[in-house]
2 protein chains.
Amino acid sequence: MIRVLLAEDQAMVRGALTALLSLESDIEVLGSAADGESAWRELQRLKPDVLVTDIEMPGLTGLEIAQRVRRHELPVKVIIVTTFARPGFLRRALDAGVGGYLLKDAPAENLAEALRTVHRGGRAIDPQLALEAWSDADPLNDRERQVLRLAGEGQSASEIGAQLNLSHGTIRNYLSEAIGKLGAANRIEAYRLARQKGWL
Amino acid sequence: MIRVLLAEDQAMVRGALTALLSLESDIEVLGSAADGESAWRELQRLKPDVLVTDIEMPGLTGLEIAQRVRRHELPVKVIIVTTFARPGFLRRALDAGVGGYLLKDAPAENLAEALRTVHRGGRAIDPQLALEAWSDADPLNDRERQVLRLAGEGQSASEIGAQLNLSHGTIRNYLSEAIGKLGAANRIEAYRLARQKGWL
DNA sequence: ACCCCCGGGTGACGGTTGTCACATCCGCAC
DNA sequence: GTGCGGATGTGACAACCGTCACCCGGGGGT
């Protein structure tokens, strides 16, 4: 019997996934959590074999939980199930030692299958995504990432500078570099590109 | 017996929702579709009592399907189930005469409940969202919406102008108006604001 | 015929952005 | 210490952006 904890913020999807997994005779859903913190608490209380978690959740993200699990050496496998086919996310997930990374686009049967694979020590990584993940690395450094994020919220160079205690000229230099590295035409395009790669 | 067709692009969520609804003894899931066009075809082939559809799908969106249903006077109720708590979306959905509008944040039991309500002729609208929907209306006209959308993709005024056969000066005028109407500081902020309201 | 509104355009203004070359400072290797 | 590299600033330039006042032409009303 595979004992599972489910973390997913959208209640309807959470309920639906629970129903889906409960159909499998060798899987038992111990419980579910709607945000990162409670997932972390339930993880320690219920001691499941496998944690199935979304990435984007209030509080802790699924990636952060995976990192914590590794750091505390908890005996639980982690499977990420997410909407986002972003190479950067998979990259970080693998660095955090997750057992599986599935897309919500994948057929529903894959989930139970992946659960079994991971439970017996294997890995279940979405194959087409695995390729992309190693193809191109994040070219941005911390400053560029930081500045690009703020620029993407509509802030001007001066506003960003004020926030980071840097001169507006420096901000423009960083933005210019980021735009160049990403092959974009302006900050807006750069932001979108970086975002869809999972780099921001 | 309530006969249901399900339209949802993410396969895993689609499978999970099917599992969820199949647990109910008075509900029968006739089939499901992964995009707007096939949902529309299945709708005519299977003639379900109720269509449960996501909004964001490839091809036709759920809102467009609802509009078509109304235009063709098909004898099917439509329930929108979406991630997006955007007043503008609900507004358009109601204009299209949908029977229900639920958020994926809502508890899973609500879905079956809403299905029954709508099937017997009632309406199931997320209550807190219903309030917001009438609070503030979309101030943008078609041109502004169109231009803002393109600007949000990183295109310059000249590029947008070329695409719409308008002069770059006119584009700037539209953007300026949109920025003003939304109380934003620049096009980036305007885009974000409009987007999160569901106006784009 | 008259007026007025509406979609579109123009030209000018000051500010912002993107780019580049160069300057400064600090820390670290040798 | 010398030298180098990274992080931060500066100043200049052209292009772009946001704003505004104003112009034009074509429908509707009346």
Side-chain angles (χ1 to χ4, degrees), chain A residues 88 91-92 95 136-200, chain B residues 67 86 88 91-92 95 136-200:
Chain A
R91 194 78 162 254
R92 274 185 263 166
D95 288 347
D136 49 4
D138 181 353
L140 303 176
N141 63 35
D142 287 350
R143 277 307 199 195
E144 287 156 4
R145 224 189 322 282
Q146 192 178 187
V147 166
L148 199 50
R149 215 176 342 232
L150 295 173
E153 285 167 15
Q155 300 199 39
S156 69
S158 308
E159 287 169 327
I160 298 172
Q163 220 154 124
L164 302 183
N165 292 112
L166 292 174
S167 93
H168 70 112
T170 301
I171 301 299
R172 282 159 65 214
N173 287 156
Y174 287 143
L175 277 173
S176 184
E177 279 202 48
I179 291 166
K181 284 182 180 177
L182 298 176
N186 54 46
R187 55 178 72 189
I188 309 180
E189 203 183 334
Y191 176 77
R192 290 175 72 92
L193 280 172
R195 191 163 173 75
Q196 93 186 26
K197 289 280 193 176
W199 290 337
L200 79 221
Chain B
Q67 283 160 3
R86 297 187 186 149
R91 193 79 161 253
R92 274 185 264 166
D95 288 347
D136 49 2
D138 181 353
L140 303 175
N141 62 35
D142 287 349
R143 276 306 199 196
E144 287 156 3
R145 224 191 321 283
Q146 194 177 184
V147 166
L148 199 51
R149 218 179 337 236
L150 295 173
E153 287 168 14
Q155 301 198 39
S156 69
S158 308
E159 288 170 327
I160 298 172
Q163 219 153 125
L164 303 182
N165 292 111
L166 292 174
S167 93
H168 70 112
T170 302
I171 301 298
R172 292 205 270 128
N173 285 334
Y174 286 141
L175 277 173
S176 183
E177 278 203 50
I179 291 167
K181 284 182 179 177
L182 297 175
N186 53 45
R187 55 178 70 189
I188 308 180
E189 202 184 335
Y191 176 76
R192 291 175 70 91
L193 279 171
R195 190 163 174 76
Q196 93 186 28
K197 290 279 195 178
W199 290 337
L200 78 223

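None of the values given here were measured: they were computed from a predicted structure. Per chain, numbering begins at 1; letters A, B, ... match sequence-line order.
Shown for residues 159-181 of chain A: residues whose heavy atoms fall under 4.0 angstrom of DNA chain D, namely Asn165(A), Leu166(A), Ser167(A), Gly169(A), Thr170(A), Arg172(A), Asn173(A), Tyr174(A).
In summary, the side chains of Glu144(B) and Asn141(B) do present a donor paired with an acceptor at a separation below 3.5 Å, with no hydrogens or angles considered.
Here Arg145(B) pairs with Asp142(B) in a salt bridge; the nearest charged N to carboxylate O distance falls below 4.0 Å.
At dG8(C), one or more side-chain N or O atoms of Arg143(B) fall inside 4.0 Å of OP1 or OP2 (strictly under the cut-off).
Rounded to an integer number of Å, the gap from Glu144(B) CD to dG8(C) P is 11 Å. Atom CZ of Arg187(A) and atom P of dT19(C) are 11 Å apart (whole Å). Computed from coordinates, the Ile188(A) CD1 to dG18(C) C1' distance equals 13 Å when rounded to whole Å. Asn141(B) has its CG atom 17 Å from the P atom of dC5(C), to the nearest Å. Atom CD in Glu189(B) sits about 14 Å away from atom C1' in dG18(D), given to the nearest Å.
When every heavy atom of Val147(A) is checked against every heavy atom of Leu164(A), the shortest pair comes out as CG2-CD1, 4.0 Å. Closest approach of Ala151(A) to Ile188(B), counting heavy atoms only: O-CD1, 3.8 Å.
Using a 4.5 Å cut-off on side-chain heavy atoms (C-beta onward), Arg143(A) and Leu166(A) make contact.
In this structure, the separation between CD1 on Ile160(A) and CZ on Arg149(A) is 11.5 Å, given to the nearest 0.5 Å.
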